[in-house]
Structure formats: C-alpha cells, structure tokens
Student: 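One structure, as structure tokens, below. Some questions next.
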Amino acid sequence: MFDEKMIYLDNASATRLDERVLEAMRPYFFDTYAVATSEFGYSQGIEAREALQKARETIASRLNAGPEEFVFTSGSTESSNMAIKGVMMALQKQNKNHLIVSKIEDFPILYSAKNLEKQGIKVTYLEVDKYGFVDLEQLKGSISKDTALISIQHANQEIGTVQNIEAISQICKEKKILFHTDATHTFTRLPIDVSKIPVDLISVAAHTLHGPKGIGGLYIRKGTPLTKWMDGGFQEFNRRAGLENIPGAIGFAKAVELVTAQENEQLISLRDHLISHILAEISQTTLNGHPERRTPQNANITFHFIEGESITLHLDMHGFAVSTGSACFSRSLEASHVILGIGGDHERAHGSIRFTLGRYNNLKEIDKLIETLKEIISELREISPLGKD
Amino acid sequence: MEFPYNEKVLEHFRHPRNVGKIEDADGKAMEGSPACGDMVSVQIKVDEKTKRIQDIKFESYGCASNIATGSIITELAKGKTLEEAKKISWKQASDELGGLPAIKAHCSVLAVEGLRSAIRNYEEKHSLVTDKTPTTIETIEKRLRKVMNPLSGLDLVGTKLIKKIELKEGEVKIDVDLPENHQFANSIKEEIREKVESLHDIKKVSMTFSG
C-alpha cells in the first residue's frame, strides 16, 4: 500500500539538500572551522573569513548588489523581522511611525506588524484582488507623511502570485519611503536586479533552494537606516551580532550557484502541466492565484466539496507530500489568511491544496499525482454531502 | 511511516462504513462546525415498534477524524434503540477508534451531534418529544444556527443571512438573504424546513429568498 519513495511536492516549506551543497559545506565543519577573524588573526580564521566573503559575493551578485549590502541571518523570518523592526525603530525618531503591508504577507511580516502595532506603530493592511495583487492606487492612497516603510512580498507563499514590485518600488522612491520585499519564494527563481529596481531591503533564504535550513540573508541598500537589534559582537558590518554560520553561508552560496535558468524553465513546464491537467480532468476545481504571474514552482488548486486535510492524508498514504490551506490542517484551526484574503470563502480554503515543485520532481511523478488525485477526489466526493444535486 | 492518526482511525478514514443517504429516511440531520467548516449528515431508519435503528448512513465534508468518527458512530448505533443510541458519547466513539488527537475533538464531536439530531428529528416527527415548551423565535433561530451555507461553511444566523423570522399561530415565515437562483438555495430550503417543521407546535413553514 505504501510507496517506498515519497514524492515530495512541498518545496515551498523546505527542500531536499543538494549533495553538491553538502560537499561544499563539509570542509567548513572539519577543516576550516575557525571563527572568521580579522586579517591579523591566525591563518585558519583568515581562510574562514575569505570563504565567508566569497559566499557573500556570490549571493549578493545574484541581486546585482555589492557584498557589503548583504547580511547573513538565520533565515527569512529573521531577515524580515530585522528589516521591518529595524527600519521602524530607526525612523521613529523622525516621527515616521506608519507601516504599510499587504494582508496576504507571510507570518514574519504580519506578526512583526502586529507586534509593532502594540508599541504604537500605525499599520495599514492592504487588500488584494482575486489573484492576490495589491492595487497600486490603493497603495498610493494609503501613504501619509508619516509612512516610513512599505513591505510587499515579491511572491506569495501559498498561491505564488508575483507582485509588481517594479512599480511599487518606484512609487516608494518617488514618495521617499523605504521599500522591503520578502523574496523567500522568488530568489534565483525570478530575477531581481537592485540596480534597476529601487528596492531597499530584500529577505532571502536557502531552505527553498535545496540549500541548508537555518541560513538566510537580508539585502540592505547602502544608506538605509536600520537599528541593530541583535546585540553582541560587531559581525556582519555591525548589523547583526553573533558567530557567523560559515558552513551555512557556503551552502547558501552553492545552492544559489546551482539554480539555473534552464531549471526554472523546467519547473514552469511541470507546473503548467500539473495545473492544466488537474483543471481539465477533475471537475469542480479552481486555480488559486494568477494563471501566468505566479512563481515557477507553485500550483494551488481548490477541490470543491471536500476538505483539504482528508486530501493530504490520502495523498500521504499514497506517498505524496503536499500542503493545504484548510483550517483542519493548521495547528491553530484557522483557514488560510491568503485564500480568505483573495476573497475566497471558507469553503475555498477548506479544499485548497498547494503543490510546490523542486529540482527533484519530474513529469512521471506529476502524471502519477494526477492519476492518484482523480481517485482520491472522487472517493472523497462520494462521502461528501455537498455538490450532489 | 508516521501518521497523526492510529491504524484504526486510518482504516475507517480509508474505508468508511455506511456512507450515503437513506431513501425515505425516518430521521435526518446535518451538523456543521462554524469553527472549521466541517459538515456531517446523518440519516436513520427506525423500526417503529422496537424503536431500534435498523439502518443508518452518514456523509462527511470534513477531515479525517470527522470521517472516521462518522463511520464508527454508524457502527455503534446500528441495532441500538433510540434511547441507547442517544447515550453514545464522543468519548465512546473516540475510545472505540483507539483515541483521537485532542485538537480534533470538535470535528469528531459533529458526528455524535449528527446522530443525536437525527434521533431528535425522528422523535419530533413522530410526536415522541415529551417536552412541549411552546416554540419561540429564539427556538427557531437556534435551529437555524445549525443550517450551513455550503458556500462559506458557516451557519445562516452567524453570517446574518436570515433577514426576518415571523411566528404566528404555528405558522413560520422566514426571509433569507440569498437569491432564489443561488446554487444551494434548494438544499438550504430543504434543510430549514427539515429543522423547523418538525417542532411539535409548528404547522407551516414558508420561506422567501430575497437576496
């Protein structure tokens, strides 16, 4: 009954590490394990420092940024906390105490905003349309003289919708407001060039790129006011204290190097195959998010009249790992704020399934998924009191 | 492989017993949870003389524990008298399944409520309810809280879809804030009728859909 090999389709949550990444990291556990020292330190420390610097250059150059503009963190949660709380703290002295975010941001942004609200910061949560897009006119209308920062994700964690951050960052530049974007789900999958797009802060992470967990980073444009909130040593250009995670940084850089344009094309073709076949072959299904302006790896579909946790459990028993926006699946028993945010009702969240692809998926797996889904969906609809006339 | 549920729960989830509807059922109920959107329908066929449950069927729009509890409850209730079946508790259903995760209590309790409501529905239809408290607007509203709008998974009262309830000499008029051609208008209508008409002193239920 159980397949020996799991078909993993939850790559937005975490990814399988690429062996080449592990090989790149290995020497920094066993040979060059010293702390990164100054140029006057001992040789192993200098070696470590140089390796860290090289990793920083590799990652920053993917954004067309300078290495001094990139700070390593423990992951995108820390990066977004650092960006939002750091900027709001820094600009509070100038009475800039207004923050704008979209209501479908990922939790690090939403809960940072909620936390800041308790401390007297005003927060605007922008509505999104049925695809998840922020309305640029509404965005402009919500800007006040007190607005310090706008934080709009590059792409959504659940439905994959890619925001027009080119236009949003231009608005911010004109109004002299800082702009942060969470690029956890787009970094290396979609291009961002900071020499062309006036974005001030970008959160990225390795865990979505077949890199290690526990390492991420924040791009900080030169001159961006940011209060340091992790106190201790003077690491990371005195932006973030703490012993550098050198193996993690090396692994992150290697993971970035390994993502190619060809791989991204391949993901898009798998994604489109998955979406078009499910929509055509299974009745009463709705695609969540935009048909084209979505990340290469994301497909999110609602199967009406049935519940998501039942679908994921059946899929699990058939050897597939996916995720759902159903309340029953979450620890809090709350339905996905993203599906509700795009105007979906409880029912749409209830039966929504997120499939996210990665390097190790292939067409055969996707075809197997579609066949398995057809069976599961029809079985569960048999049991359901809804959708039968 | 590790699953959040034990083997018995998974077995009932994979192969639920007594799924479906009963044609000319004697008692019917649909219970829903506004908290998570799960719904369960229970229908029973009752031997008029012995008052035993001859047949029972369920349907579920819910998660694994909802489906598994629905299945086990039908097995527990079949062949029991109405009085016995009424006493089946969530604890009993959960024990019979070898235990359910605590956080899933409210999705699985629905099936138990479904069974009790189906029995209640039978008793009301057969004038077996001894409690003859006169029906009030509040009684009706309480019942309508159990009618779900399938599109939102939330109840009609909670989502303010009931515009007006009138009650006069055993006649009830209910105004629903949904269009007449709404996808689920008919099933909602049927459910309202089912829930309200069975009250001992209600003679007629009429509805208008004016959304």
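Reminder, nothing fancy here: chain letters follow the sequence lines and each chain counts from 1.
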Student: Is it the case that atom NZ in Lys91(B) sees more than 12 heavy atoms from other parts of the structure closer than 6.0 Å?
Tutor: no
Student: Indicate yes or no: at least one non-hydrogen side-chain atom of Leu10(B) is less than 4.5 angstrom from one of Met317(A).
Tutor: yes
Student: Of all of Ser310(A), Ala349(A), Gly351(A), which one pairs up most often with chain B through heavy atoms under 4.5 Å apart?
Tutor: Ser310(A)
Student: What is the minimum heavy-atom distance between Ser60(B) and Pro385(A), and which atoms define it?
Tutor: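 Scanning both residues, the minimum pair turns out to be C-CD, 3.4 Å.
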Student: Where on Tyr5(B) is there a heavy atom nearer than 4.5 Å to chain A: the side chain, the backbone, both, or neither?
Tutor: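 Tyr5(B) touches chain A through side-chain heavy atoms alone.
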Student: Evaluate the criterion side-chain contact (heavy atoms from CB on, under 4.5 Å) for residue pair Val19(B) and Glu382(A); output intermediate values, then yes/no.
Tutor: CA-CA 8 Å; Val19(B) 169; Glu382(A) 273 300 300; 5.5 Å; no
Student: With rounding to the nearest 0.5 angstrom, report the SG to CD1 distance, Cys63(B) to Ile306(A).
Tutor: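 Spacing of SG (Cys63(B)) from CD1 (Ile306(A)) equals 13.0 Å.
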Student: Tell me whether Lys130(A) at atom NZ has more than 12 heavy atoms from other residues, nucleotides or ligands lying less than 6.0 Å away.
Tutor: no
Student: Could you tell me whether Lys173(B) atom NZ has more than 12 heavy atoms of other residues or ligands within 6.0 Å of it?
Tutor: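 No, because the 6.0 Å sphere around NZ of Lys173(B) holds 12 heavy atoms or fewer from other groups.
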Student: Is the CZ atom of Phe209(B) crowded by more than 12 outside heavy atoms at less than 6.0 Å?
Tutor: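 Check passes, neighbour count above 12.
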Student: For a 4.5 angstrom cut-off between non-hydrogen side-chain atoms, does Glu59(B) reach Ser384(A)?
Tutor: no
Student: Checking Ile383(A) against chain B: side chain, backbone, both or neither under 4.5 Å from a heavy atom?
Tutor: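 When you check distances to chain B, atoms from both the backbone and side chain of Ile383(A) fall under 4.5 Å.
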Student: I'd like to know whether CD of Glu190(B) has more than 12 heavy-atom contacts from other residues, nucleotides or ligands below 6.0 angstrom.
Tutor: no
Student: Would you say that more than 12 heavy atoms from the other residues, nucleotides or ligands in this model lie under 6.0 Å from the NZ of Lys78(B), or not?
Tutor: yes
Student: Measuring from atom CG of Leu313(A) to atom CZ of Phe13(B), what distance do you get when rounded to the nearest 0.5 angstrom?
Tutor: 4.5 Å
Student: For residues 280-287 of chain A, give me every residue with a non-hydrogen atom less than 4.5 Å from any non-hydrogen atom of chain B.
Tutor: none
Student: Work out which heavy atom in Phe305(A) is nearest to a heavy atom in Tyr61(B); give both atom names and the distance.
Tutor: O-CD1, 3.1 Å
Student: Backbone N or O of Asp38(B) within a donor-acceptor pair of the Glu307(A) side chain at under 3.5 Å?
Tutor: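 No, because the side chain of Glu307(A) does not come within donor-acceptor range (under 3.5 Å) of the backbone of Asp38(B).
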Student: So Arg14(B) and His314(A), side-chain contact (heavy atoms from CB on, under 4.5 Å) or not? Walk me through it.
Tutor: CA-CA 8 Å; Arg14(B) 267 201 308 268; His314(A) 266 298; 4.1 Å; yes
Student: Can you name the closest pair of heavy atoms from Ala64(B) and Glu309(A) and give their distance?
Tutor: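 What the structure gives for the nearest pair is N-OE1, 2.9 Å.
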